[in-house]
Structure formats: C-alpha cells, structure tokens
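Take a look at the structure set out below.
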Amino acid sequence: MKKWLATLLLGAALTLTALPVAAQGTDGTVTMNADGSQASVSLTLPQEAAKDVTALRLSFQVDSSNGAKAQFDFNDGLTSSVQQYRYNEETGRLTVYIAGRDELLKDGTVSLGEIQLDAAPGTIATVHVVEDSLELVNAAYGKAETTAVAAASADLS
C-alpha cells in the first residue's frame with residue numbers, strides 16, 4: 001500500500017513539473033526587415049504560447065562573401081535585465097539571449113532589436129534564423145521549446 005501511494009505521489013509530482021512545458025511545438029514567426037547593413041528583428045507567437053514568457057534564446061546564421069562581423073543592438077523598449085548576444089566568427093552563428101522578470105510578449109509580439117554587420121564595402125551577406133533555435137522560458141521557469149519558426153532571412157550589404 002505504501003509503495004502504491006509513493007508511486008502515485010511521484011506520478012503527480014512529475015505531472016505538475018511538466019505543466020509549464022505546454023507550449024512545446026507551437027508555431028512562431030521571426031520577422032526580419034533589412035536596411036543596408038542592418039536588419040530589424042521581431043518575434044510573434046500565438047497568444048497561448050506567448051503568455052508569461054520571460055526569457056528566450058534565438059540564433060541566426062550569418063553567411064558573407066568577405067568575413068562580416070555581426071553584432072546585436074537590443075530594442076530600447078525591452079525591460080529585461082539580461083540582454084546579451086554571442087557571435088562566433090568561425091561559424092557565423094549569432095545567438096541572442098534575453099531574460100528578466102517581466103513578460104516579454106505581452107500582446108504576442110516583441111521587437112527584439114537589430115542585427116548589424118561590420119564588413120568591408122561591397123560585402124554581401126545573408127542572415128537567416130537557425131532552424132529550431134528558439135527556446136522560451138515562462139515565469140514558472142518551465143522550458144518551452146518552439147520547434148516551428150517560420151523561415152526568415154535578410155540580405156544585407
């Protein structure tokens with residue numbers, strides 16, 4: 001009887017732990033608008049997936065003809081305490097990290113900022129979202145991975 005009760009309680013605890021991950025597999029859209037050597041980036045998620053999201057990670061692939069360097073300028077409207085990016089020149093991968101206490105996507109959309117390229121004149125570059133790179137964390141600290149993000153790319157010069 002005690003083993004049965006312990007198994008039942010463990011099952012209930014595992015179920016409660018899994019609840020915050022309910023947003024897995026939701027569809028999202030990353031929008032990029034190119035203007036010269038920069039591209040503005042915004043994220044849109046369905047309302048149920050965007051609810052209580054306080055942190056995210058999103059990666060971009062930068063392909064250039066002449067070794068362009070990328071950086072990310074975060075939107076001034078973001079209130080998150082963590083706003084960082086990492087760029088690996090060898091692989092061309094730019095990863096953006098945003099985290100804080102406030103909800104990021106209050107109406108399902110957030111302007112993240114701008115990707116900016118530093119390259120020699122005449123350099124042509126293409127930036128696109130890395131497939132399955134968007135990861136979200138909600139206010140209950142449950143990881144919710146968005147597996148389907150609409151393809152977005154921008155040609156920068």
Side-chain angles (χ1 to χ4, degrees), residues 13-35 37-75 77-119 123-157:
L14 291 175
T15 303
L16 291 175
T17 304
L19 285 178
V21 239
Q24 276 188 323
T26 58
D27 292 332
T29 303
V30 174
T31 305
M32 299 173 64
N33 294 314
D35 182 17
S37 64
Q38 61 189 23
S40 61
V41 179
S42 61
L43 172 65
T44 303
L45 293 174
Q47 197 66 33
E48 63 276 358
K51 185 176 180 181
D52 296 330
V53 170
T54 58
L56 66 82
R57 178 177 74 179
L58 180 61
S59 295
F60 302 89
Q61 184 63 43
V62 179
D63 299 315
S64 69
S65 63
N66 196 15
K69 294 181 182 179
Q71 62 183 11
F72 198 87
D73 184 25
F74 291 92
N75 184 336
L78 292 174
T79 59
S80 304
S81 56
V82 175
Q83 298 177 19
Q84 295 182 352
Y85 73 91
R86 302 265 190 306
Y87 180 64
N88 184 326
E89 290 182 41
E90 292 177 15
T91 63
R93 176 79 49 105
L94 173 68
T95 303
V96 174
Y97 305 89
I98 300 173
R101 293 180 186 243
D102 297 334
E103 190 174 343
L104 284 173
L105 298 112
K106 292 183 178 143
D107 62 354
T109 300
V110 63
S111 174
L112 301 176
E114 293 181 339
I115 297 172
Q116 298 181 347
L117 294 184
D118 181 19
T123 300
I124 297 174
T126 300
V127 179
H128 63 271
V129 176
V130 174
E131 186 176 346
D132 298 334
S133 69
L134 178 63
E135 291 186 343
L136 307 170
V137 177
N138 65 20
Y141 304 107
K143 182 177 174 184
E145 192 171 323
T146 300
T147 55
V149 175
S153 65
D155 293 325
L156 307 176
S157 56

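Below, each value reflects all heavy atoms present in this structure, side chains not excepted, and no hydrogens, waters or symmetry copies.
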(request) With sequence neighbours excluded, tell me which residues meet side chain to side chain contact (heavy atoms under 4.5 Å, CB included) with Thr95. (result) Arg57, Ser59, Arg93, Tyr97
(request) Measure the OH-CG distance between Tyr85 and Leu58 for me, rounded to the nearest 0.5 Å. (result) 15.5 Å
(request) Under the side chain to side chain donor-acceptor pair (under 3.5 Å) rule, collect the residues that match up with Glu89, sequence neighbours excluded. (result) none
(request) Would you give the length of the straight line joining atom CD1 of Ile115 to atom CE of Met32, rounded to the nearest 0.5 angstrom? (result) 4.0 Å
(message) Return the OH to CG distance between Tyr87 and Leu117, rounded to the nearest 0.5 Å.
(response) 7.5 Å
(request) With sequence neighbours left out, write down each residue that passes side chain to side chain donor-acceptor pair (under 3.5 Å) with Asp102, or none if nothing qualifies. (result) Thr79
(request) Please report the closest heavy-atom contact between Ala50 and Leu45, naming both atoms and the distance. (result) CB-CB, 4.1 Å
(request) Please name all residues satisfying side chain to side chain contact (heavy atoms under 4.5 Å, CB included) with Asn75, sequence neighbours left out, ordered by chain then number. (result) Leu78, Ser111
(request) State which residues pass side chain to side chain contact (heavy atoms under 4.5 Å, CB included) with Asp63; sequence neighbours excluded, sorted by chain then number. (result) Gln61, His128
(request) Would you mind telling me which of Thr29, Val30, Thr31 makes a side chain to side chain contact (heavy atoms under 4.5 Å, CB included) with Val129? (result) Val30
(request) Apply ring-ring contact (aromatic ring centres under 6.0 Å, His included) to Phe74 and list each qualifying residue two or more places apart in sequence or on a separate chain. (result) Phe72
(message) I'd like to check the side chain to side chain contact (heavy atoms under 4.5 Å, CB included) partners of Val53; sequence neighbours left out, ordered by chain and number.
(response) Leu104, Leu105, Leu136
(request) Please report the shortest heavy-atom distance between Glu103 and Asp52, naming the atom on each side. (result) OE2-N, 3.3 Å
(request) Identify the heavy atoms of Ala99 and Ala55 that sit nearest to each other, and give their distance. (result) CB-CB, 3.7 Å
(message) Just to verify, what does Gln84 make a side chain to side chain donor-acceptor pair (under 3.5 Å) with, not counting sequence neighbours?
(response) Arg86
(message) Tell me every residue that passes side chain to side chain donor-acceptor pair (under 3.5 Å) with Thr44, counting only those two or more places apart in sequence or in another chain.
(response) Thr109
(request) Working to the nearest 0.5 Å, report the span between CG of Leu134 and CG of Leu43. (result) 5.5 Å
